Amino acid sequence: ANAFACGRLEHGRFVSLFYFHFDTWRRRLRFCNAGHPAPLVIRKGGSVERLEEGGPVLGEFPGRHFADKEVQLREGDLVVAYTDGISEARSAHGEEFGEPGILRLIERCGVISAQEFSRRLVEEARQHAGGRLKDDATTVVLRILDE
């Protein structure tokens with residue numbers, strides 16, 4: 001993907017990417033993060049893990065190696081991936097919604113479906129930004145349920 005982007009993007013242009021594969025049988029998430037806002041794994045007990053392993057944005061560094069990593073997920077875990085349109089949503093005072101906004105929402109919502117959390121996350125970022133987001137707002141949310 002990086003070689004493709006390096007060969008086609010003009011200097012100064014780049015792409016962030018978060019790639020993952022979820023093995024539902026073993027509940028393992030293998031991922032690579034290329035300059036994207038770090039998705040969060042919120043554990044059932046409340047601890048937070050940032051999925052940062054990978055490398056820089058695509059299209060800027062030809063020949064760059066990108067590492068991957070695997071995390072084990074357990075019942076009750078929540079995985080939240082989002083674009084910078086969510087994290088960089090700014091209030092009228094210039095405050096970013098950011099990771100703190102996501103974590104506040106998790107505290108308030110408790111255990112809800114992944115679909116409902118995704119909907120609320122976009123809505124909270126929009127409200128934080130005064131009703132209008134200036135960039136794309138995409139989320140991918142997984143909730144690990146018991147068998």
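Small disclaimer: the values here were computed from a predicted structure and weren't measured.
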Reported [atom1]-to-[atom2] distance for the pair [X] and [Y], which is rounded to 0.5 angstrom:
X: R126; Y: L133; atom1: CZ; atom2: CG; answer: 5.0 Å
X: C6; Y: F61; atom1: SG; atom2: CZ; answer: 9.0 Å
X: L73; Y: D23; atom1: CG; atom2: CG; answer: 10.5 Å
X: L105; Y: R108; atom1: CG; atom2: CZ; answer: 5.5 Å
X: C109; Y: F117; atom1: SG; atom2: CZ; answer: 6.0 Å
X: L29; Y: I144; atom1: CG; atom2: CD1; answer: 8.0 Å

Tell me the closest heavy-atom pair linking [X] and [Y], and the distance in Å.
X: A89; Y: A125; value: CB-O, 3.7 Å
X: R74; Y: R27; value: C-NH1, 4.2 Å
X: V141; Y: S118; value: CG2-CB, 3.9 Å
X: I86; Y: A137; value: CD1-CB, 3.7 Å
X: A67; Y: C32; value: O-SG, 3.2 Å

Assigning hydrophobic clusters by single linkage (Ile, Leu, Val, Met, Phe, Trp, Tyr; side-chain heavy-atom cutoff under 4.5 Å), is V122 placed with L103?
yes
Should V80 and V71 be counted in the same cluster of Ile, Leu, Val, Met, Phe, Trp and Tyr side chains packed under 4.5 Å apart?
no
Residues forming a side-chain hydrogen bond (donor to acceptor under 3.5 Å, both in side chains) with R120, sequence neighbours excluded
E116
Close side-chain approach of [X] to [Y], heavy-atom, < 4.5 Å:
X: V79; Y: F22; answer: no
X: T139; Y: R119; answer: no
X: E70; Y: R26; answer: yes
X: F31; Y: D68; answer: no
X: F20; Y: V140; answer: yes
X: D135; Y: T83; answer: no

Between D136 and D84, does the side-chain contact (heavy atoms from CB on, under 4.5 Å) criterion hold? Intermediate values first, please.
CA-CA 8 Å; D136 66 299; D84 59 2; 4.0 Å; yes
side-chain contact (heavy atoms from CB on, under 4.5 Å) between L17 and F66: does it pass, once the steps are laid out?
CA-CA 11 Å; L17 171 77; F66 291 79; over 6 Å; no
Listing, residues 35-58 side-chain donor-acceptor contacts under 3.5 Å, not counting sequence neighbours, or none:
| unit_1 | atom_1 | unit_2 | atom_2 | d |
| --- | --- | --- | --- | --- |
| H36 | ND1 | S16 | OG | 2.9 |
| H36 | NE2 | Y82 | O | 3.1 |
| R43 | NH1 | Q72 | O | 2.8 |
| R43 | NH1 | D77 | OD2 | 2.7 |
| R43 | NH2 | E49 | OE1 | 2.9 |
| R43 | NH2 | Q72 | O | 3.3 |
| R50 | NE | E99 | OE1 | 3.1 |
| R50 | NE | E99 | OE2 | 3.0 |
| R50 | NH2 | E99 | OE2 | 2.4 |

Take E95 and H128, measure what side-chain contact (heavy atoms from CB on, under 4.5 Å) needs, and give me the verdict at the end.
CA-CA 9 Å; E95 179 186 19; H128 179 82; 4.1 Å; yes
Counting neighbours of CZ on R30 that are heavy atoms of other residues, nucleotides or ligands and sit closer than 6.0 Å, is the number greater than 12?
yes
Run the side-chain contact (heavy atoms from CB on, under 4.5 Å) test on E60 and L9 for me, step by step, so that the C-alpha distance in whole Å, both residues' side-chain angles and the decisive distance to 0.1 Å come before the verdict.
CA-CA 9 Å; E60 284 287 305; L9 296 175; over 6 Å; no
